[in-house]
Undergrad: 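One structure coming up, written as structure tokens, with questions to follow.
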Amino acid sequence: MPELPEVETVKRTLKQYLVGRKIIDIKINYDKIIKYDNKRFIDNLVNQTFNDIDRYGKYLIFKFNDYSLISHLRMEGKYFLQNDLKHLTKHDHIIFSLDNNQYLTYHDVRKFGTMELTKKGQEFRLDSLKKLGPEINNPNIDLSKVYNSIKHSNRSIKAILLDQTVITGLGNIYVDETLFKAKIHPETNMNELSFERFKSIIFSAQKVVEKAIKLGGTTIRSYQSSMGVDGRFQNELNVHTLVGKECSVCNSIIKKIRVAGRGTYFCPNCQKKESL
DNA sequence: CAAGGGCCCTGCACGC
DNA sequence: TGCGTGCAGGGCCCTT
């Protein structure tokens, strides 16, 4: 479940190996990953060179000479750089042959990931990117603008923080950890939050994300960021996945409920519902 | 329009 | 042991 910190780790890792490499061939084993036309995807990318790798929210943006490849890892998407194809599995769906005899493979057990091609410079005209809100790790985020757009919403604060069109980058893990740090119940309604309170929650999110990026993201379940790189933020989790364990602050038992359709972990003593 | 639910997909943890 | 069932979830699409 790569969120902004994990995708940032993937970006940094891949960038070291891929910039300057040219794609000489592409094999697609499972084509629902690719949006639109496979043939055009291959024709346009072959002979293109990786010039840079960028990221916006949870999206990776591979920049080539003429095109950009926008990749979303969703739940379990991973890239690996391989010297040969002896260890391919049924989960390796797309294979890029590079000009140094190496292969970049895209591995995705649940096949949820997406890849989308666009002309360079047109990235933010894509439906997927153009509706995204500001990034959570942007220190200059205009919070009064964000707040004014959602202050009357009766959705939960958890649903708001998961909504990528409000602010982008947070997923289920970091929302749970943010709400614990901010000491607020995940089901608290957005319209019960003052601007000051909302700001304090966003600051908590920014601290959580900043630390997670420093530690290379979170490795839980089967998730490794990419190239076998493990994150270390899982050692910093206070509530997520910890149902039945004691709260590190007050020793109450961590609960798990469903909020906004997501498994949600919180401390019932530290995190109370709030109202104006 | 806002909000919520189903869907995509597979592996794994269960219960019997 | 082996089968069936339910669960996990980000974003898109559809319904209310």
Undergrad: I need the NZ-C1' distance between A/Lys90 and B/dC9, as an integer number of Å.
TA: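 It works out to 12 Å between those atoms.
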Undergrad: Once you apply a heavy-atom cut-off of 4.0 Å, does A/Asp108 come out as touching a base, just sugar-phosphate, or nothing?
TA: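 Since no nucleic acid heavy atom lies under 4.0 Å of A/Asp108, the category is nothing.
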Undergrad: Salt-bridged, A/Lys63 to A/Asp54, with N to O below 4.0 Å?
TA: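 Yes.
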Undergrad: Can you tell which of C/dG11, B/dC9, C/dA8 lies closest to the side chain of A/Arg258?
TA: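 The closest nucleotide is C/dA8.
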Undergrad: If you only use heavy atoms from C-beta on, which nucleotide in B/dG11, C/dG10, C/dA8 is closest to the side chain of A/Lys256?
TA: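 Side chain of A/Lys256 sits closest to C/dA8.
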Undergrad: More 5' along DNA chain B: A/His91 or A/Ser149, using each one's nearest nucleotide?
TA: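 So the residue in question is A/Ser149.
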Undergrad: Please state how far atom CE in A/Met75 lies from atom C1' in B/dC9, giving the value in whole angstrom units.
TA: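 Result: 11 Å.
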Undergrad: So, is A/Lys111 close to the B/dC8 phosphate, meaning a side-chain N or O under 4.0 Å from OP1 or OP2?
TA: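 So the side chain of A/Lys111 is outside the cut-off, no N or O lying under 4.0 Å from OP1 or OP2 of B/dC8.
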Undergrad: Determine the contact category for A/Arg155: base if any of its heavy atoms lies under 4.0 Å from a base atom, sugar-phosphate if only primed atoms, P, OP1 or OP2 are that close, otherwise nothing.
TA: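 A/Arg155: backbone/sugar contact only, no base atoms under 4.0 Å.
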Undergrad: Taking the ring centre of each residue, are A/Phe96 and A/Tyr103 less than 6.0 Å apart?
TA: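 No, ring centres 6.0 Å or more apart.
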Undergrad: Can you tell me how far C1' of B/dC9 sits from CG of A/Asp31, to the nearest Å?
TA: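 Whole-Å distance recorded here is 15 Å.
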Undergrad: Under 4.0 Å between a Lys/Arg side-chain N and an Asp/Glu carboxylate O for A/Lys15 and A/Asp52?
TA: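 The answer is yes: the pair qualifies as a salt bridge.
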Undergrad: Side-chain N or O of A/Tyr30 versus OP1/OP2 of B/dC9: is the shortest distance under 4.0 Å?
TA: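 Affirmative; the distance criterion is met.
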Undergrad: Does a donor on one side chain and an acceptor on the other come within less than 3.5 Å for A/Asn148 and A/Lys145?
TA: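 The answer is no; no qualifying pair exists.
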Undergrad: Rounded to the Å, how far apart are A/Met190 CE and B/dA2 C1'?
TA: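 Roughly 15 Å, once rounded to whole Å.
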Undergrad: State, without any angle test, whether A/Thr118 and A/Glu123 hold a side-chain donor-acceptor pair at a distance under 3.5 Å.
TA: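 No, no side-chain donor-acceptor pair sits under 3.5 Å.
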Undergrad: If you look at every strand shown and take non-hydrogen atoms under 4.0 Å, does A/Lys158 touch a base, only sugar-phosphate, or nothing?
TA: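 It contacts nothing in the nucleic acid.
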Undergrad: How many whole angstroms separate atom CG of A/Asn189 from atom P of B/dA3?
TA: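 To the nearest whole Å, that distance equals 10 Å.
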Undergrad: Give a yes/no on whether any side-chain N or O of A/Asn172 is located under 4.0 angstrom from OP1 or OP2 of C/dG10.
TA: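 Checking C/dG10 against A/Asn172, no side-chain N or O comes under 4.0 Å of OP1 or OP2.
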Undergrad: Can you tell me whether the side chain of A/Arg110 and the base of C/dG10 have a donor-acceptor pair closer than 3.5 Å?
TA: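 No pair found.
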Undergrad: Starting at CG of A/Leu162 and ending at P of C/dG10, how long is that distance when rounded to a whole Å?
TA: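 Atom-to-atom, A/Leu162 to C/dG10, this comes out as 7 Å.
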Undergrad: Below 4.0 angstrom from OP1 or OP2 of C/dG11, is there any side-chain N or O of A/Lys131?
TA: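 Answer is no, no contact under 4.0 Å.
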Undergrad: Would one find a side-chain N or O of A/Gln164 under 4.0 angstrom from OP1 or OP2 of C/dG10?
TA: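 A/Gln164 to C/dG10 OP1/OP2: no side-chain N or O under 4.0 Å.
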Undergrad: Distance check needed: B/dG4 P versus A/Ile160 CD1, whole Å only.
TA: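 Roughly 10 Å, once rounded to whole Å.
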Undergrad: Once you apply a heavy-atom cut-off of 4.0 Å, does A/Ser128 come out as touching a base, just sugar-phosphate, or nothing?
TA: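 The answer is sugar-phosphate, as A/Ser128 gets under 4.0 Å only of primed atoms, P, OP1 or OP2.
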Undergrad: Send over the distance from A/Glu187 CD to B/dA3 P, rounded to a whole Å.
TA: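 Those two atoms, CD and P, are 16 Å apart.
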Undergrad: Hydrogens and angles aside, do A/Asn189 and A/Asn154 bring a side-chain donor and acceptor to less than 3.5 Å of each other?
TA: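 Distance-only check fails for A/Asn189 and A/Asn154.
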